[in-house]
Amino acid sequence: MDNLIKVYDNVIDKEYCNELISKFENNEQLHEKFDSKGMVFTQINIQKIGWVSDYNIIKKVFTANVEKYKNDYKISEQQMPLTCVLEPVRMKRYLPNNYDEFKPHVDVNQKANSTRFLVMFLYLADNKKGKTIFPNLDVEIECKQGSLLMFPPMWPWLHAGQKPSRVSKYIMQSYLHYV
């Protein structure tokens with residue numbers, strides 16, 4: 001078995017990626033800014049603010065690719081939860097300001113987030129410098145518009161979102177949760 005890090009290219013088209021970015025930028029009043037413990041970014045929780053059609057499209061993309069992931073890694077029904085739910089989908093922006101980034105971390109590190117079992121990052125824009133890196137695994141994933149990165153969120157998958165340098169980095173993000 002390899003490292004369980006998988007990228008699926010072209011899961012949504014460039015036009016829709018650009019439409020989502022434009023929608024994000026045109027709704028500044030919905031932006032939530034984070035600057036704490038190595039997490040510096042701006043986000044919108046798309047479910048919280050009612051982007052229902054976008055949520056439904058992204059949910060369908062995530063769900064279809066979870067099935068591909070299970071098939072690619074030959075994950076049987078006995079290995080996956082019988083029931084799972086999608087965490088609220090968030091769209092994040094990292095500005096090319098030499099400040100926005102997400103330092104090395106894991107996404108399951110306390111009881112409050114212990115029901116997460118699969119990470120999904122959907123890249124909405126190309127960004128050569130704003131890679132997602134896995135320093136302990138010597139893996140770097142380039143932000144490629146329309147591609148989806150999936151991996152487990154626990155301690156072996158320490159990862160970071162590098163600082164973008166010339167253009168903003170945009171992602172849609174969620175997790176699958178045990179119920």
Side-chain angles (χ1 to χ4, degrees), residues 2-34 39-73 85-102 107 116 118-134 137 139-153 157 159-176:
D2 65 15
N3 59 27
L4 300 174
I5 298 169
K6 188 74 172 170
V7 176
Y8 296 98
D9 290 328
N10 303 312
V11 300
I12 61 173
D13 63 44
K14 292 177 187 243
E15 291 78 22
Y16 187 52
C17 289
N18 293 334
E19 180 182 320
L20 288 167
I21 291 168
S22 179
K23 196 170 186 178
F24 182 94
E25 292 299 338
N26 290 326
N27 284 280
E28 192 171 329
Q29 74 281 5
L30 303 174
H31 291 182
E32 298 173 77
K33 296 183 187 254
F34 284 84
M39 302 182 299
V40 183
F41 57 86
T42 302
Q43 78 172 11
I44 294 177
N45 178 334
I46 70 168
Q47 285 165 267
K48 186 176 172 182
I49 51 94
W51 293 3
V52 177
S53 63
D54 294 312
Y55 170 75
N56 289 334
I57 291 167
I58 299 303
K59 180 180 178 182
K60 187 175 180 181
V61 168
F62 285 165
T63 302
N65 285 283
V66 166
E67 290 305 312
K68 286 181 186 177
Y69 186 88
K70 288 167 41 179
N71 288 333
D72 288 345
Y73 287 109
V85 295
L86 197 61
E87 184 170 298
V89 177
R90 292 174 175 82
M91 185 171 174
K92 293 184 177 181
R93 177 190 66 196
Y94 298 83
L95 294 171
N97 57 11
N98 201 30
Y99 189 65
D100 285 16
E101 67 179 322
F102 209 133
D107 295 318
R116 293 173 171 171
L118 190 63
V119 179
M120 292 167 281
F121 293 163
L122 176 57
Y123 298 109
L124 300 176
D126 292 332
N127 200 303
K128 297 223 182 258
K129 295 288 182 179
K131 295 177 183 176
T132 301
I133 62 165
F134 297 84
L137 300 172
V139 172
E140 295 186 355
I141 306 297
E142 195 171 298
C143 302
K144 185 177 171 191
Q145 190 175 47
S147 68
L148 175 64
L149 168 63
M150 300 172 76
F151 60 95
W157 292 273
H159 61 284
Q162 291 183 319
K163 298 174 186 176
S165 66
R166 293 193 179 139
V167 296
S168 295
K169 174 182 175 179
Y170 295 90
I171 66 170
M172 282 282 194
Q173 168 196 336
S174 190
Y175 303 87
L176 277 185

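Note: hydrogens, waters and symmetry copies are ignored here, and every other heavy atom, side chains too, is used.
Not one N or O on the side chain of Trp157 forms a donor-acceptor pair closer than 3.5 Å with the backbone of Leu137. Checking side-chain atoms of Tyr123 against main-chain N and O of Glu142 turns up no donor-acceptor pair under 3.5 Å. A donor-acceptor pair under 3.5 Å is absent between the side-chain atoms of Asp100 and the main chain of Phe41, judged by distance alone. Side-chain atoms of Lys169 come within 3.5 Å of backbone N or O of Gly130 as a donor-acceptor pair. Under the 3.5 Å distance criterion, the side-chain polar atoms of Gln145 are matched with a main-chain donor or acceptor of Leu124. At least one donor-acceptor pair closer than 3.5 Å links the side chain of Arg90 to the backbone N or O of Pro88. With Arg116 contributing its side chain and Pro153 its backbone, the two residues share no donor-acceptor pair below 3.5 Å.
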Mind running side-chain contact (heavy atoms from CB on, under 4.5 Å) on Ile141 and Phe134 for me, showing each step along the way? CA-CA 8 Å; Ile141 306 297; Phe134 297 84; 4.0 Å; yes
Check the pair His159, Phe121 against side-chain contact (heavy atoms from CB on, under 4.5 Å), reporting the backbone distance first and the verdict last. CA-CA 12 Å; His159 61 284; Phe121 293 163; 4.2 Å; yes
I would like to know whether Trp51 and Ile58 meet side-chain contact (heavy atoms from CB on, under 4.5 Å); could you show each step before the answer? CA-CA 11 Å; Trp51 293 3; Ile58 299 303; over 6 Å; no
Check the pair Asn71 / Lys68 against side-chain contact (heavy atoms from CB on, under 4.5 Å), numbers first and verdict last. CA-CA 5 Å; Asn71 288 333; Lys68 286 181 186 177; 5.7 Å; no
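Taking a 6.0 Å sphere around NZ of Lys23, one finds it holds more than 12 heavy atoms contributed by other residues, nucleotides or ligands. Within 6.0 Å of the CZ atom in Phe34, the count of heavy atoms belonging to other residues, nucleotides or ligands exceeds 12.
Looking at Asn65 and Met120, their side chains never come closer than 4.5 Å, going by heavy atoms from C-beta outward. Looking at heavy atoms from C-beta onward, Thr132 lies out of side-chain contact with Phe102 at the 4.5 angstrom threshold. With a 4.5 Å cut-off on side-chain heavy atoms, Tyr8 and Asp72 count as touching. For the pair Ile171 and Leu122, the minimum side-chain heavy-atom distance is 4.5 Å or more. Proximity of Lys144 to Asp9: side-chain heavy atoms (C-beta onward) are separated by under 4.5 Å at one or more points.
Here the closest heavy-atom approach between residue Lys163 and residue Asn98 is recorded as NZ-O, 3.4 Å. The shortest heavy-atom contact between Val11 and Ser147 is CG2-C, 4.5 Å. Considering all non-hydrogen atoms of both residues, Lys131 and Lys128 come closest at CE-O, 3.3 Å. Here the closest non-hydrogen pair linking Ser168 and Ala125 is O-CB, 4.4 Å. Here the shortest heavy-atom pairing between Asp13 and Tyr16 reads OD1-N, 2.7 Å. Scanning all heavy atoms of the two residues, the minimum distance from Gln47 to Glu87 falls at OE1-O, 3.9 Å.
In this structure, CD1 on Ile44 lies 7.0 Å from CE on Met91, to the nearest 0.5 angstrom. Remark: Leu30 CG to Ile46 CD1 distance equals 11.5 Å, nearest 0.5 Å. Summarising the geometry, atom CG belonging to Asn45 is positioned 10.0 Å from atom OH belonging to Tyr55; distances are rounded to the nearest 0.5 Å. Taken to the nearest 0.5 Å, the CD atom of Glu19 stands 6.5 Å off from the CG atom of Asp54. One finds the CD atom of Gln173 at 6.5 Å from the CG atom of Asp107 (value rounded to the nearest 0.5 Å).
Looking at Leu118, Leu86, Val61, Leu148 one by one, the single match for side chain to side chain contact (heavy atoms under 4.5 Å, CB included) with Val66 turns out to be Leu118.
Relative to the ring axis of Tyr94, Lys92 does not place its NZ or CZ within 45° and under 6.0 Å from the centre.
Between the side chains of Asn127 and Tyr170, no donor-acceptor pair of N or O atoms lies under 3.5 Å.
Classified by interplanar angle (parallel below 30°, tilted 30° to 60°, perpendicular above 60°), the ring pair Phe24/His31 is parallel.
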